[in-house]
Novice: 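Here it is, the structure, as structure tokens.
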Amino acid sequence: MSENVVHLHKPTDPPSPDTAPTVLTVVPDAPPARPVPLWVRSGRAIKTGVTHDKTRASIRAAARHSLYTFNGGRIVARRAWDGRTGSRYERMIRAAEGAGNLEAAEEWEERLQRFRAARHHRRMDLLHSPVDAAKGVAVGAGMSVGVLVALGVVMAINTGQAGDVITPLSATIDFIALLIRIVQIVWGPALTIGPFLALLALWSVGRKQHAAPAWALPANVRSSEGEPITPSIVVKALRDLGVPALRNAIKEMGDAGASMLGPIRIAGCGVEVDVTLPSGVATNEVQSKRRKLAENLTRHEHEVFIVIPQAARTVRLWIADSGALDEPIGPSPLVTDETMTANYKTGKAPWGQDLRGDAATISLYQRHLLVTGLSNQGKTAALRALALWLALDRSVQFWIADLKGIGDWAMFEGIAQVLIEGPSDDHVIQATEMVENAVEEMNRRIEARRNDPTAVFPPLIVLVDEAQLAFMCPVVGEDKRPYGGSKATSRYFMAVRKIHNQGRAVDVLMWQGTQDPTDQNLPKLVREGAHTRASLVLGTESQARMALGDKAVDGGAAPHLLRQGLDKGTLVVASDGITIPAGQASITVRTHFIDDEPAAEVADRAKALRDGVATLRVVDQEEERDALADVASVIGDAPRLRTNEILKRLHALAPKVYGDQWTNDRLKALLEEHGEEPKKSHGVMVVHRDHVLRALANRDENGSASVAE
């Protein structure tokens, strides 16, 4: 075992690394941390206590309730002062003069003169009132004593006791003494409690008026969500709008701008107020700042609507309850009321609800229709809801081209006489030829009306959904005319224009649904030919003008300010067929959504009202046709049809095959070839379904077929 030797003397020779002694280094402990001064610890504790949420809440509560009482007293004092003096009238006069409304100023001045005259009359009456009051008290007291004595005499006569004469008077004196005793007992506590009750009343007034700074109000009141709309909030929002002339005019008004406002009325899921702008402020200056105004009113932009009524220098504000427009509306009456029917001429379709919460119904009588908007925002659903209602009128005929082709209109199988479904160029060609056939039908009706002015025709709705595909179709026909486009050579464009020009007179109406409108896919002449124009959410103001027109947009219509994806089914409508508030150019409608399954149920009810309609699927017109089979197809489930109706349906089925060369004689020859022929019923030539089916059976037995070429 080795040991370390510690030398007590200093060696003369320097030690080598191997023999050097071991040196122990002692590291001293770190000095203890300096204690935090008491004043620092106290400051931190005070800061923590002061900034704590509970402390802040307590301070806000104390300040709020104190200011409720103080400001409530100010409100009551001002009300009393206004009631006793003419200050209210003077404020309104100054406000009317500041707004440049001299007529209103004169009216308020006249009211002030009447108030002063009535007050002077009351003060003059006070000069005579003490004497009159003394006389009244004396007369009243004398009469009361006389009545009591008379009652006592009656009692004395009845009982035979003379003392009963003063019994009623004595009882009355005792009752008065009891009242005095009660007052003496209650008077002391009343004097003690009375001031507290008065303070409580003032606090209640201040609390109802939220008479405290915003920082002191409860979280649910000072929050931006759901703040109630009051005159002061509206005026403050207008003052802070960034319009210098408006701000200066409000500051100069004696009533701080309150005279600008009409009554704030409950309007559906919000409120409505008319604002008369002061001189020098244009309505479009307010209308162009919709977002800032909405935020000043603690609302989102889509929750504030600004329209221009007929009154000069006036804007009408509709302010929704916070979040109310995100709540869905109820189901369509078409779904809930299975007894509902329609009337094309006098009825109105239940389309949805307006912003006031009232039912929005629209007349479709002799009105061309255009519904547009961005993709997947509810355009087809809005258009289909109108068609489903109109289908409940058995007299209305439908020719439908669905250029989306995903089954949105499949429930009209058995209702529509023509149904085209598909997005290809071939389907667009078929849709164009369908519209051209409608033009021919329109011309036939016009000619018939010329010969017989009393002639009446069943309404024909020519409906093209996704019509932008038709306008953008690049195909050119054999006659060198393009199917699409917006020139005079465009087949679809010109056919629609012809129906717009003359179809209304003979109840041939054009309904179109299109998306993302531009001058290329929705030409100006076509969109302006529609009597009813409705738009869902759009991307730009220029598109809104295309969809609804300059007048509607200048009047406040703003489909471009709706929220894509959130405001599905919300339409801005410009039409004389729907009730629009006086002075407005458009109305916003939240449409009912009818899903595919309930839509099919409504369609089934419509089919039950009809005598069986064979829906014709447009096919290639160049192929050979089985004429007898086509006759059976167009008859459908009807027990019999007039020969003219059959020829018309054949023509709609295949215009190139069943053209003008097909007449009653040719139809008769076709049936006679197979052992059947048309018969007369009530003087009209008809074809019976059973006879056609029997002819088909005879032909199949003989192994021959009649082909139309």
Novice: Dump the intermediate steps for side-chain contact (heavy atoms from CB on, under 4.5 Å) on Val553 and Asp550, then the final yes or no.
Specialist: CA-CA 5 Å; Val553 175; Asp550 292 335; 5.8 Å; no
Novice: Using modelled atom types and a 3.5 Å cut-off, is there a donor and acceptor pairing between side-chain atoms of Arg533 and backbone atoms of Leu370?
Specialist: no
Novice: Any side-chain to backbone donor/acceptor pair from Asn343 onto Lys345? Under 3.5 Å, distance only.
Specialist: yes
Novice: Quick check against the 3.5 Å criterion: does His560 have a side-chain atom that pairs as donor or acceptor with the backbone of Ser542?
Specialist: no
Novice: Taking everything shown except Lys348 itself, do over 12 heavy atoms lie less than 6.0 Å from its NZ?
Specialist: yes
Novice: Given side chains that start at C-beta, do those of Leu202 and Tyr68 come closer than 4.5 Å, heavy atoms only?
Specialist: no
Novice: Does atom CZ (Arg74) have a neighbourhood of more than 12 heavy atoms from anything else shown, all under 6.0 Å?
Specialist: no
Novice: Look only at the side chain of Arg367 and the backbone of Tyr365, and say whether a donor-acceptor pair between them is shorter than 3.5 Å.
Specialist: yes
Novice: Between Asn521 (side chain only) and Thr518 (backbone N and O only), is there a donor and an acceptor less than 3.5 Å apart?
Specialist: yes
Novice: Please name the pair of heavy atoms, one in Asp274 and one in Thr314, separated by the smallest distance, quoted to 0.1 Å.
Specialist: CB-CG2, 4.1 Å
Novice: In sequence, state the C-alpha distance, the side-chain angles, and the governing distance for Gln287 and Glu285, and then conclude on side chain to side chain donor-acceptor pair (under 3.5 Å).
Specialist: CA-CA 6 Å; Gln287 194 175 23; Glu285 293 183 86; over 6 Å; no
Novice: Atom CG in Leu67, atom CZ in Phe70: separation rounded to 0.5 Å?
Specialist: 8.0 Å
Novice: Supply the atom-to-atom distance Met546 CE to Glu528 CD, rounded to the nearest 0.5 angstrom.
Specialist: 11.5 Å
Novice: How are the rings of His531 and His368 set to each other: parallel, tilted or perpendicular (split at 30° and 60°)?
Specialist: parallel
Novice: Check for a donor-acceptor pair, side chain of Ser363 on one end and backbone N or O of Gly577 on the other, with a separation under 3.5 Å.
Specialist: no
Novice: For Val428 and Cys473, which heavy atoms make the closest approach, and how far apart are they?
Specialist: CG1-CB, 3.6 Å
Novice: Could you tell me whether the side chain of Thr570 reaches within less than 4.5 Å of the side chain of Leu536, counting heavy atoms only?
Specialist: no
Novice: Do Val273 and Arg265 come within less than 4.5 Å of each other through their side chains, counting heavy atoms only?
Specialist: no
Novice: Step by step, work out the side chain to side chain donor-acceptor pair (under 3.5 Å) result for Gln468 and Asp516.
Specialist: CA-CA 9 Å; Gln468 75 278 357; Asp516 203 9; over 6 Å; no
Novice: Which residue in the set Glu466, Lys404, Lys379 passes side-chain hydrogen bond (donor to acceptor under 3.5 Å, both in side chains) when paired with Gln515?
Specialist: Glu466
Novice: Give, for atom CD of Gln353 and atom OG1 of Thr361, the distance between the pair rounded to the nearest 0.5 Å.
Specialist: 12.0 Å
Novice: Side chain to side chain donor-acceptor pair (under 3.5 Å) for Asp465 and Thr380? Distances and angles first, verdict last.
Specialist: CA-CA 7 Å; Asp465 196 8; Thr380 297; 2.8 Å; yes
Novice: So which heavy atom on Ala245 is nearest to which on Gly280, and how close?
Specialist: CB-O, 3.9 Å
Novice: When you measure from the side chain of Ser490 to the backbone N and O of Ser486, does any donor-acceptor pair fall under 3.5 Å?
Specialist: no
Novice: Got a second to check how far Trp203's CH2 is from Thr69's OG1, nearest 0.5 Å?
Specialist: 8.0 Å
Novice: Do Leu403 and Pro423 have side-chain heavy atoms sitting under 4.5 Å apart?
Specialist: no
Novice: Tell me whether the NZ or CZ atom of Arg290 lies within the 45° cone about the ring axis of Phe305 and under 6.0 Å from its centre.
Specialist: yes
Novice: Show the numbers, then the answer: is there a side-chain contact (heavy atoms from CB on, under 4.5 Å) between Ile578 and Val589?
Specialist: CA-CA 10 Å; Ile578 191 170; Val589 177; 3.9 Å; yes
Novice: I'd like to check Thr514 versus Phe471 (side-chain heavy atoms, cut-off strictly below 4.5 Å). Are they in contact?
Specialist: no
Novice: Applying side-chain contact (heavy atoms from CB on, under 4.5 Å), run through Val371 and Leu369 and close with a yes or a no.
Specialist: CA-CA 7 Å; Val371 178; Leu369 176 65; 4.2 Å; yes
Novice: Is the closest side-chain heavy-atom distance between Val435 and Ile499 below 4.5 Å?
Specialist: yes
Novice: Please round to the nearest 0.5 Å and tell me the distance separating atom CZ of Arg527 and atom CG of Leu548.
Specialist: 11.0 Å
Novice: So Val234 and Leu261, do their side chains get closer than 4.5 Å, heavy atoms only?
Specialist: yes
Novice: Show the numbers, then the answer: is there a salt bridge (charged side-chain N to carboxylate O under 4.0 Å, His left out) between Glu295 and Arg299?
Specialist: CA-CA 5 Å; Glu295 292 174 351; Arg299 294 294 189 273; over 6 Å; no
Novice: What are the two closest heavy atoms between Gly242 and Lys289, and how far apart are they?
Specialist: O-CE, 4.2 Å
Novice: One pair to check against side-chain contact (heavy atoms from CB on, under 4.5 Å): Trp389 and Met340. What are the steps and the verdict?
Specialist: CA-CA 9 Å; Trp389 175 80; Met340 176 173 286; 4.1 Å; yes
Novice: What residue among Ile400, Asp408, Ile406, Asp402 forms side-chain contact (heavy atoms from CB on, under 4.5 Å) with Glu421?
Specialist: Asp402
Novice: Using the ring pair (Phe, Tyr, Trp, His ring centres under 6.0 Å) rule, pick out the option among Tyr344, Trp409, Phe412 that qualifies with Phe398.
Specialist: Phe412
Novice: Measuring from atom CG of Asp519 to atom CD of Gln543, what distance do you get when rounded to the nearest 0.5 angstrom?
Specialist: 10.5 Å
Novice: Any sub-3.5 Å donor-acceptor pair from Arg497's side-chain atoms to Leu525's backbone N or O?
Specialist: yes
Novice: So, Arg545 and Glu541, do they make that salt bridge, N to O below 4.0 Å?
Specialist: yes
Novice: What pair of heavy atoms forms the shortest contact from Leu293 to Ile306, and how long is it?
Specialist: CD2-CD1, 3.8 Å
Novice: Measure the shortest side-chain to side-chain distance between Val464 and Met510 over non-hydrogen atoms and say whether it is less than 4.5 angstrom.
Specialist: yes
Novice: Closest heavy-atom contact between Met260 and Leu246?
Specialist: SD-CD1, 4.2 Å
Novice: Any sub-3.5 Å donor-acceptor pair from Asp567's side-chain atoms to Arg563's backbone N or O?
Specialist: yes
Novice: Look at the side chain of Arg313 and the backbone N and O of Thr276, then say whether any donor-acceptor pair between them is shorter than 3.5 Å.
Specialist: no
